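One structure below.
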Amino acid sequence: MITADLVDLDLSADTKEAAARSLAERMVALGRVTDLDGFLADVAAREAQMPTGLDGGIGIPHCRSARVTEPTLAFGRATEGVDFGAPDGPADLIFLIAAPAGADDAHLTILSSLARHLMDEEFTRALRAVASPAEAAALIAGEEAPAAPEAAEPESESAPAPAPESAPESASESVPVPAPESEPEGGRGGAPFRIVAVTSCPTGIAHTYMAAESLENAGRAAGVDVVVETQGSAGFTRLDPAVVAAADGVIFAHDVPVREKERFAGKATVDVGVKAGINRPAELIAEVREKAARGEVSALATAATPVDKAGEPGEGYGTKLRKWLMSGVSYMVPFVAAGGLLIALGFAIGGWDIDKAPSVTEHFAWGQADSWAALMFQIGGLAFSFLVPVLAGYISYGMADRPGLVPGFVGGAIALTVNAGFLGGLVAGLLAGGTVLAIQRVRIPAVLRGIMPVVVIPLVSSIVVGFLMFLVVGKPIASLQKALTDWLSGLSGANAVILGVILGLMMCFDLGGPVNKVAYAFAVGGLANPNEGSLKVMAAVMAAGMVPPLAMALATTVRGRLFTRTERENGKAAWVLGASFISEGAIPFAAADPLRVIPATMAGGAVTGALSMAFGCTLRAPHGGLFVLPLIGNPLLYLFAIVAGTVVSAGLVILLKGMRKPAPEAAREAVPEAAHESGPGGEQAPSGTGVAVAA
């Protein structure tokens with residue numbers, strides 16, 4: 001996989017593209033890559049997905065490519081650092097990994113082995129000190145133990161790096177090292193404290209295995225048995241149930257959902273991001289030991305449903321109901337965005353009568369804009385047709401996990417059939433989830449338990465939900481939905497303004513939270529069967545939702561001295577977030593000063609919602625902010641409504657912040673005056689920094 005010819009200890013490159021080209025040329029020279037430019041294009045495409053730089057001065061560009069004849073690893077030691085996007089700066093150790101197309105296992109094995117190697121400081125120190133390409137190749141291949149340079153501390157505790165061939169896909173194959181004589185208090189029965197861990201990251205490659213190695217090393221240092229299950233891109237090997245059962249605690253270090261999490265129920269649990277597993281494993285081990293000593297068991301590990309897993313012990317049914325509904329709405333929103341924007345584009349390109357166009361399967365002219373408009377409209381219409389079934393299905397899923405999906409989707413489809421609409425989907429989801437939970441409480445003979453999830457529960461629950469939706473609640477809900485639609489259609493004058501005020505207050509109350517989502521879902525539900533009233537509601541909701549971030553951006557521009565430096569930087573980003581209808585752009589400000597920011601934004605949102613309704617502005621797109629302005633009825637008045645609300649909110653924020661008692665001089669930030677007047681080219685602070693500073 002690596003030879004001396006694939007090593008460059010004096011790599012001269014000032015960009016990641018130049019570094020990749022230099023190492024790839026060595027692969028071409030050995031016949032392992034057949035097309036240099038094509039291979040580099042594949043490397044660049046992978047790099048565009050996510051930076052491949054790692055902390056500690058390491059870059060691991062890699063890809064699968066049809067131009068590669070066999071799995072190959074090239075190594076370069078850069079004389080000058082090369083930026084691969086790592087948080088801590090440029091990389092001087094660069095590994096180019098090439099795998100043939102379709103060689104998934106080989107590709108991921110190389111990456112996971114290398115990632116585990118790179119957690120060993122002695123290994124990376126030796127790579128920086130190695131004198132010849134042959135020695136470097138042997139070191140990476142595991143043919144010799146890394147010899148620490150003379151300047152290294154003689155008492156290093158780092159363990160030798162494992163050979164790549166021996167790196168398991170799951171750390172369940174590792175053998176825990178016996179605890180030292182000075183080990184702290186152990187687990188059950190006087191045995192060493194046992195921890196099982198799961199690591200995963202979005203790509204399922206480097207960070208997954210680096211976190212596993214880091215936790216295992218920290219466990220050895222603490223005299224604790226740590227066994228890790230790596231849930232990487234190549235799948236995962238489940239920990240032995242006996243190992244899980246014997247564990248005293250669990251660590252989840254993950255950035256994607258842990259698969260089959262219920263296996264770890266009843267354990268002291270620490271749940272963090274994957275980088276915490278890499279950067280502070282000793283703290284995590286200490287934390288899980290403390291929880292076990294207190295007898296604390298996390299609700300996240302023991303809950304029976306997806307929604308309960310996000311909750312806290314002792315929550316009431318009102319809180320659970322809100323979470324069930326939010327579960328459905330959160331899964332519905334992508335369908336709303338895709339379908340709604342496609343429908344809006346269809347109207348924008350083809351005109352308001354595009355909904356009368358024939359099916360594109362019967363008539364489609366490649367050179368006619370109307371045909372493309374009809375295609376977008378019809379695709380969007382199909383995406384929109386999933387709204388109610390998806391809403392119902394995932395409300396039920398939130399209540400009863402996967403067994404709730406079938407009756408939930410069936411109930412949602414029936415809601416559409418009987419014209420019960422959005423309200424029917426809500427009811428169908430709750431009925432489906434409740435029915436499944438009721439069935440699961442029935443005592444079943446052991447011989448039938450195997451067929452319950454795949455046969456009995458879907459069959460019985462679908463029959464029950466179908467009966468209720470067709471013959472009991474469907475028609476009354478359809479009548480209520482029709483009455484609501486007629487009411488929206490007839491809104492005018494004071495009634496419309498009052499509704500606009502209410503919707504504006506809701507959109508600005510919790511900035512993307514449950515109340516905001518309820519108002520948004522109400523507006524989107526009206527787009528399924530659009531009329532003049534429902535289009536006005538959609539316009540008012542989007543206008544009000546744009547106000548909070550725009551107001552914070554304006555306030556930080558007008559009176560920057562009332563805000564911290566970080567808030568002023570966040571204010572620059574808030575201009576774009578507000579214009580894009582992303583209410584969450586105001587969250588850093590609200591989290592830092594809720595008693596002043598939230599009332600001010602609610603006031604501005606109410607003004608904007610009322611004006612939008614009073615002006616009769618309409619909107620067919622469910623998202624997009626100012627970027628869908630051509631699709632808005634009365635666009636100039638719509639802009640005026642947004643500007644008015646923004647000015648009101650910004651003025652109130654400035655007034656309220658100006659009334660507070662000034663902070664002691666020592667507590668203020670020492671910010672040069674020039675920082676108060678930095679232009680749009682200033683560097684933006686990382687997301688969320690404003691909250692941390694204010695706290």
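Starting from 1, each residue takes its place in the sequence as its number. Note that the structure is a prediction, hence the values are computed from the model and not measured.
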Tell me if a side-chain donor or acceptor on Asp248 pairs with a main-chain N or O of Arg194 at a distance below 3.5 Å.
yes
Please report the C-alpha distance between Glu287 and Glu283 in whole Å, then the side-chain angles of each, then the deciding distance to 0.1 Å, and finally whether the side chain to side chain contact (heavy atoms under 4.5 Å, CB included) criterion is met.
CA-CA 6 Å; Glu287 183 178 348; Glu283 294 179 26; over 6 Å; no
Is there a donor-acceptor contact under 3.5 Å from the side chain of Ser214 to the main chain of Gly277?
yes
Between Leu9 and Ala136, which heavy-atom pair has the shortest distance, and what is it?
CD2-CB, 4.2 Å
Give a yes or no on whether the backbone of Ala392 and the side-chain of Ser396 come within a donor-acceptor separation of less than 3.5 Å.
no
Would you sort out whether Ile2 and Phe95 count as a side chain to side chain contact (heavy atoms under 4.5 Å, CB included), showing the intermediate values?
CA-CA 11 Å; Ile2 183 168; Phe95 301 84; over 6 Å; no
Between Lys291 (side chain) and Gly249 (backbone), is there a donor-acceptor pair under 3.5 Å?
no
So how far is it from Thr72 OG1 to Ile97 CD1, rounded to the nearest 0.5 Å?
10.5 Å
Does any part of the side chain of Asp271, heavy atoms only, come nearer than 4.5 Å to the side chain of Lys261, both counted from C-beta?
yes
Can you find a heavy atom in the side chain of Phe123 that is under 4.5 Å from one in the side chain of Leu139?
yes
Side-chain contact, heavy-atom cut-off 4.5 Å: Leu391 with Tyr331?
no
What's the separation between atom OG1 in Thr230 and atom CD in Glu213, rounded to the nearest 0.5 Å?
11.0 Å
Distance-minimising heavy-atom pair for Ala212 and Val228
CB-CG1, 3.6 Å
Checking the side chain of Lys16 only, and the main-chain atoms of Val82 only, is there a donor and an acceptor separated by less than 3.5 Å?
no
Main chain of Pro241, side chain of Arg263: is a donor-acceptor contact present, judged purely on distance under 3.5 Å?
no
May I ask you to say whether Arg32 pairs ionically with Asp5, meaning some side-chain N is under 4.0 Å from a carboxylate O?
no
Using side chain to side chain contact (heavy atoms under 4.5 Å, CB included), reason through Ile285 and Phe193 one step at a time and then give a plain yes or no.
CA-CA 10 Å; Ile285 290 173; Phe193 193 88; 6.0 Å; no
Locate the shortest heavy-atom distance separating Ala4 from Ala137; write the atom from each residue and the value.
N-CB, 3.8 Å
How close do Arg26 and Val7 get, heavy atom to heavy atom, and via which atoms?
NH1-O, 3.1 Å
What are the two closest non-hydrogen atoms of Pro458 and Val406, and how far apart are they?
CB-CG1, 4.2 Å
With a 4.5 Å heavy-atom cut-off, do Ser65 and Pro100 have their side chains touching?
no
Flag the pair Arg441 / Leu437 as yes when at least one side-chain heavy-atom distance between them is below 4.5 Å, and no otherwise.
yes
In this structure, OG1 of Thr124 is separated from CG of Asp92 (nearest 0.5 Å) by 9.0 Å
If you measure from CG on Leu387 to CZ on Phe335, what distance do you get to the nearest 0.5 Å?
8.0 Å
Partner of Arg77 under side chain to side chain contact (heavy atoms under 4.5 Å, CB included), chosen from Leu93, Leu11, Leu127
Leu93
Judged by atom type as modelled, is there a donor-acceptor pair below 3.5 Å linking the side chain of Thr34 to the main-chain atoms of Arg67?
yes
Minimum heavy-atom separation for Val436 and Ser461, please, with both atom names.
CG2-CB, 4.0 Å
Any sub-3.5 Å donor-acceptor pair from Lys267's side-chain atoms to Ala245's backbone N or O?
yes
Worked check of side chain to side chain contact (heavy atoms under 4.5 Å, CB included) between Leu23 and Phe75
CA-CA 7 Å; Leu23 294 175; Phe75 168 65; over 6 Å; no
Is a side-chain donor or acceptor of His254 paired with a backbone partner of Phe252 at a separation under 3.5 angstrom?
no
With distance as the sole test, does Glu229 use its side chain to make a donor-acceptor pair with the main-chain N or O of Leu239 at under 3.5 Å?
yes
Nearest 0.5 Å please: distance from the CD1 atom of Ile395 over to the CG atom of Leu405.
12.0 Å
Once you round to the nearest 0.5 Å, how far does CG of Leu30 lie from OG1 of Thr3?
5.5 Å
